Colleague: 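One structure, pasted below without further comment.
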Amino acid sequence: MDEWLESVARLASSKWTHFSIMGIVIVHLLTKMKERSMRNEIQQMNQARIAAALSDRDDSIEWARIEASKISDCDRNCIKKMDFRQLRDALQCGEVTAELVIRAHYGLALRAHERTNCLTGFIKNSLNDARKLDEQAKDPSYKKPHLFGIPLSVKECIAIEGERCTWGLAKYINHYSDEDSYQVMKLRSEGMIPFCQTNIPTDCLTINCSNSIYGTTTNPHASNRTSGGSSGGETALIVAGGSLCGWGSDSGGSIRVPAAFSGCCGFKPSATRLSTLQAPEPMPLRPILMTTEGPLARDPHAIVEIMRKMWSDIRLSDQDPFVVPVDFREDLFAEGRKYRIGYYTTDGYIDQLPGNQRVVREAVELLKAKGLTNVSPMGDKYVHVGHDLVPFSLGKIARKTFRGVFATLIADGGAALADRLKDEPLSDLMAPLRSFAALPLFAKKLLGWFCKMRGDTNTADFFLSQSTRAADVQRGIDQVFACRKSLVKKMKDEGIDVILCPATLTAAMPHALPLSLPSPSMVATSLWNAMDFPAGVVPVGVWTEEDETAMDSYEEKGAVETRIKAGCRNNVGLPLAVQIVAPAFRDEMVLRVMVDLHESMKKGANDL
């Protein structure tokens with residue numbers, strides 16, 4: 001033993017040992033210096049890219065300002081007052097030209113952008129597109145397509161030929177789409193003109209709307225609130241009067257949440273009725289949370305017209321064989337078609353705030369009132385001939401579904417998300433994304449057990465269900481599909497055609513709140529991506545003083561409830577919406593009820 005210690009002592013005192021240690025230290029320091037230098041270079045490169053993107057946006061805004069100034073305020077205001085159907089009819093009869101309409105919308109979009117920072121740029125080719133349509137319309141034999149000349153705003157992450165598609169990431173600033181999204185191609189063929197691109201959150205992963213390139217989009221109703229995400233630029237633009245209709249995408253509520261927060265209509269179709277071949281995934285969500293593109297608009301009539309033409313032929317399935325060739329089903333949408341609607345105010349997982357529950361009850365009464373018909377000459381006898389509305393409960397379906405969803409959330413260990421966020425200059429609002437991506441699985445499990453010991457089962461589910469083991473991921477997928485089966489059976493057993501439910505947990509949130517909440521806060525919308533049910537959102541009312549008072553009795557069952565109760569105060573006047581869903585490929589049922597609810601609200605307002 002003594003000889004061994006003497007050998008170690010001699011080795012430690014050897015100059016070669018000293019040199020080796022010094023060499024290791026020097027190599028380590030040089031490696032760190034090189035890494036720092038590379039990070040600095042990447043940061044400088046990102047800053048240069050961002051500066052170039054902002055310069056291009058400023059250039060397109062100035063171009064649009066000049067083009068918008070070439071028409072009179074009278075013409076612009078005349079077009080501004082038209083709803084979708086009025087504008088469509090005016091374009092069809094030649095009362096206004098496509099060029100006049102597109103110039104008017106440049107000016108309207110600029111005003112909306114000044115209020116909300118909703119644009120990432122104008123599409124300069126849109127002016128030429130409008131002129132080409134007007135030139136074709138001069139030919140007496142030319143038959144105008146149904147959506148001739150109607151301007152369309154488009155979410156930045158959706159492909160537009162020749163335009164940037166960054167997903168809110170600096171590393172993709174120099175990425176330009178080489179073709180349109182197949183859905184955008186179809187809408188162009190029907191006469192629509194994509195005229196601008198709208199803002200999104202970093203990687204389209206959250207329900208706020210901020211990125212390090214174009215900044216933060218604000219809610220048109222309150223600048224300290226988010227417009228929602230990830231189609232938040234679209235809804236801010238539409239509600240602020242800059243566009244009649246837009247085109248977004250939805251992976252877990254990215255159309256419906258911003259529509260509800262901002263106060264417009266949004267629709268997520270059945271996933272396989274539209275193409276997803278061109279859509280990259282920010283996270284490994286397929287086949288559990290299916291992404292699909294879809295429309296947003298000020299009223300559901302515009303959404304119906306867009307989807308009717310989208311599904312007017314088999315063009316999409318010709319381009320993408322995975323699209324099911326189903327035409328628009330007029331029999332399901334027919335006016336007067338009666339459905340049995342099941343409604344609930346909470347999904348049994350996380351309770352919505354008081355105002356969000358109240359508007360569901362109000363929507364029920366509005367739909368009931370629409371179905372009353374006077375059958376007496378004296379005007380004193382009514383019969384109900386409209387939709388049947390009955391209470392409905394999901395039971396434990398939502399909780400079981402999301403245990404399955406969470407099991408698949410980081411099947412790759414978070415590698416895809418970490419890679420996309422690597423070296424990204426995230427803003428303070430979006431920085432929690434990097435923390436989530438970097439958090440090792442064992443730390444998530446510890447957090448889950450901590451939440452479970454505190455009795456917060458919803459947050460515990462989120463952390464404890466996550467896994468990278470193939471067997472756990474497969475069990476998660478199986479559980480989601482079992483829940484689909486259970487829900488369909490429950491609806492059939494109770495004779496339910498359509499479900500009416502809350503659209504979101506809260507009214508529009510403060511900008512920083514969404515990324516401080518665990519994923520269970522998205523259950524209200526993402527449940528229907530997991531079920532692959534078509535879903536639409538219709539604004540019904542606003543948050544009232546009574547809702548604000550009722551917040552005091554809202555029960556804090558876990559971290560999500562505690563944070564939304566504390567963070568979502570002073571909501572009076574903010575828009576509230578409901579959600580309408582139906583089984584897969586029954587999209588037209590959803591659209592029928594959306595229109596009926598909207599018309600019932602208009603009738604109620606006119607009767608006041």
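Residue numbers start at 1 and run along the sequence shown. Note that the structure is a prediction, hence the values are computed from the model and not measured.
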Colleague: Could you verify whether a donor N or O on one side chain and an acceptor N or O on the other, from Gln352 and Gln357, lie under 3.5 Å apart?
Modeller: no
Colleague: Rounded to the nearest 0.5 Å, what separation is found between the CE atom of Met430 and the SG atom of Cys209?
Modeller: 8.5 Å
Colleague: Please assess Cys204 against Trp167 for the test side-chain contact (heavy atoms from CB on, under 4.5 Å), listing each intermediate value before the final yes or no.
Modeller: CA-CA 6 Å; Cys204 294; Trp167 282 71; 3.8 Å; yes
Colleague: With sequence neighbours left out, what residues match Ala112 under side chain to side chain contact (heavy atoms under 4.5 Å, CB included)?
Modeller: Cys118, Leu237, Ala240
Colleague: For Gln579, what residues pass the side chain to side chain donor-acceptor pair (under 3.5 Å) criterion, not counting sequence neighbours?
Modeller: Arg256
Colleague: Could you tell me which residues satisfy salt bridge (Lys or Arg N to Asp or Glu O under 4.0 Å) with Lys445, sequence neighbours excluded, listed by chain and number?
Modeller: none
Colleague: Is the charged tip of Lys557 near the ring of Tyr349: under 6.0 Å from the six-membered ring centre and within 45° of its axis?
Modeller: no
Colleague: Looking at every heavy atom in both Val360 and Pro502, which two are closest together, and how far apart are they?
Modeller: CG2-N, 3.6 Å
Colleague: Does Arg329 CZ have over 12 foreign heavy atoms under 6.0 Å away?
Modeller: no
Colleague: Checking side-chain contact (heavy atoms from CB on, under 4.5 Å) against Leu515, which of Ser210, Pro432, Ser435 comes through?
Modeller: Pro432
Colleague: What's the shortest heavy-atom distance between Leu389 and Tyr343, and which atoms?
Modeller: C-CE2, 3.9 Å
Colleague: Regarding Lys370 and Glu599, does a basic nitrogen lie under 4.0 Å from an acidic carboxylate oxygen?
Modeller: no
Colleague: Who pairs with Asp587 by salt bridge (Lys or Arg N to Asp or Glu O under 4.0 Å), at least two apart in sequence or on another chain?
Modeller: Arg273
Colleague: Is there a donor-acceptor contact under 3.5 Å linking the side chains of Ser153 and Glu234?
Modeller: yes
Colleague: Any chance the side chains of Asn211 and Thr202 put a donor and an acceptor closer than 3.5 Å?
Modeller: no
Colleague: What closest approach, in Å, do Leu409 and Gln466 show between heavy atoms, and which atom pair accounts for it?
Modeller: CD2-NE2, 4.1 Å
Colleague: Does a donor on one side chain sit under 3.5 Å from an acceptor on the other, for Asn117 and Thr217?
Modeller: no
Colleague: Identify whether the distance between the nearest side-chain nitrogen and carboxylate oxygen of Glu494 and Lys490 falls below 4.0 Å.
Modeller: yes
Colleague: Give a yes or no answer on whether the side chain of Thr459 reaches the backbone of Asp456 with a donor-acceptor pair at less than 3.5 Å.
Modeller: no
Colleague: Does NZ belonging to Lys400 count more than 12 external heavy atoms closer than 6.0 Å?
Modeller: no
Colleague: For Val390, is there any backbone N or O sitting under 3.5 Å from a side-chain donor or acceptor partner on Arg340?
Modeller: no
Colleague: Do Ser526 and Asn529 pair up side chain to side chain, a donor and an acceptor below 3.5 Å, judged on atom types alone?
Modeller: no
Colleague: Pairing donors with acceptors under 3.5 angstrom, does anything connect the side chains of Ser312 and Lys186?
Modeller: yes
Colleague: Side chains of Thr226 and Asn208: any donor to acceptor distance under 3.5 Å?
Modeller: no
Colleague: Suppose we screen for side chain to side chain contact (heavy atoms under 4.5 Å, CB included). Which residues come up paired with Arg298, at least two apart in sequence or across chains?
Modeller: Ile238, Leu244
Colleague: Does any part of the side chain of Thr408, heavy atoms only, come nearer than 4.5 Å to the side chain of Asp472, both counted from C-beta?
Modeller: no
Colleague: Find the distance between OG1 (Thr506) and CE (Met551) and round it off to the nearest 0.5 Å.
Modeller: 8.5 Å
Colleague: Can you check whether Leu353 reaches Leu505 side chain to side chain, under 4.5 Å on heavy atoms?
Modeller: no
Colleague: Does this structure show an ion pair linking Asp461 with Arg403, if we count only N-O contacts that are shorter than 4.0 Å?
Modeller: yes
Colleague: So which atom in Gly476 and which in Ala407 form the shortest heavy-atom distance, rounded to 0.1 Å?
Modeller: CA-CB, 3.9 Å
Colleague: Keeping the roles fixed (side chain from Glu362, backbone from Val540), state whether a donor-acceptor pair exists under 3.5 Å.
Modeller: no
Colleague: For Val593 and Leu367, run side-chain contact (heavy atoms from CB on, under 4.5 Å): C-alpha distance rounded to whole Å, both residues' side-chain angles, the deciding distance at 0.1 Å, then the answer.
Modeller: CA-CA 9 Å; Val593 178; Leu367 287 169; 4.1 Å; yes
Colleague: Distance alone, cut at 3.5 Å: any donor-acceptor contact between the side chains of Ser223 and Thr218?
Modeller: no
Colleague: If we check side-chain contact (heavy atoms from CB on, under 4.5 Å) with Thr206, which of these qualifies: Leu433, Val257, Ile200, Leu429?
Modeller: Leu433
Colleague: Does this structure show an ion pair linking Lys489 with Asp493, if we count only N-O contacts that are shorter than 4.0 Å?
Modeller: yes
Colleague: Which pair of non-hydrogen atoms, one from Val590 and one from Ala535, has the smallest distance, and what is that distance?
Modeller: CG1-C, 4.1 Å
Colleague: Determine, stepwise, if the pair Asn219 / Thr116 fulfils side chain to side chain donor-acceptor pair (under 3.5 Å).
Modeller: CA-CA 7 Å; Asn219 193 297; Thr116 63; over 6 Å; no
Colleague: Using the side-chain contact (heavy atoms from CB on, under 4.5 Å) rule, take Met310 and Leu187 through it: C-alpha gap first, then chi angles, then the decisive distance, then the call.
Modeller: CA-CA 7 Å; Met310 182 67 69; Leu187 294 174; 3.6 Å; yes
Colleague: List the residues meeting side chain to side chain donor-acceptor pair (under 3.5 Å) with Arg454, not counting sequence neighbours, and say none if there are none.
Modeller: none
Colleague: Kindly say whether Ala508 contributes a backbone atom to a donor-acceptor pair with the side chain of Arg225 at under 3.5 angstrom?
Modeller: yes
Colleague: What residue pairs, at least two apart or across chains, pass ring pair (Phe, Tyr, Trp, His ring centres under 6.0 Å) with a residue in residues 579-599?
Modeller: His301-His598
Colleague: Of all heavy-atom pairs between Gln183 and Leu316, which one has the smallest distance, and what is that distance?
Modeller: OE1-CD2, 3.7 Å
Colleague: Is a side-chain donor-acceptor pair under 3.5 Å present for His387 with Asp596?
Modeller: yes
Colleague: So, using side chain to side chain donor-acceptor pair (under 3.5 Å) as the criterion, who are the partners of Ser249 when residues are at least two apart?
Modeller: Lys155
Colleague: Can you confirm whether Val480 sits close enough to Val405 that some side-chain heavy atom of one is under 4.5 Å from a side-chain heavy atom of the other?
Modeller: yes
Colleague: Parallel, tilted or perpendicular: which describes the rings of Phe333 and Phe328, with under 30° parallel and over 60° perpendicular?
Modeller: perpendicular
Colleague: Under the ring pair (Phe, Tyr, Trp, His ring centres under 6.0 Å) rule, what pairs show up with a residue in residues 529-562, not counting sequence neighbours?
Modeller: Trp528-Phe533
Colleague: Please report the C-alpha distance between Val595 and Arg592 in whole Å, then the side-chain angles of each, then the deciding distance to 0.1 Å, and finally whether the side-chain contact (heavy atoms from CB on, under 4.5 Å) criterion is met.
Modeller: CA-CA 5 Å; Val595 168; Arg592 176 72 267 158; 3.4 Å; yes
Colleague: With sequence neighbours left out, write down each residue that passes side chain to side chain contact (heavy atoms under 4.5 Å, CB included) with Thr544, or none if nothing qualifies.
Modeller: Arg358, Glu546, Asp547
Colleague: Kindly write out the residues that satisfy side chain to side chain donor-acceptor pair (under 3.5 Å) with Asp327, not counting sequence neighbours, or none if the list is empty.
Modeller: none
Colleague: For the pair Ser181 and Glu293, evaluate side chain to side chain donor-acceptor pair (under 3.5 Å) and give the outcome as yes or no after the intermediate values.
Modeller: CA-CA 9 Å; Ser181 150; Glu293 295 177 13; 3.0 Å; yes
Colleague: Applying side chain to side chain contact (heavy atoms under 4.5 Å, CB included), name anything that partners Thr292, two or more places apart in sequence or on another chain.
Modeller: Lys268, Pro269, Leu274
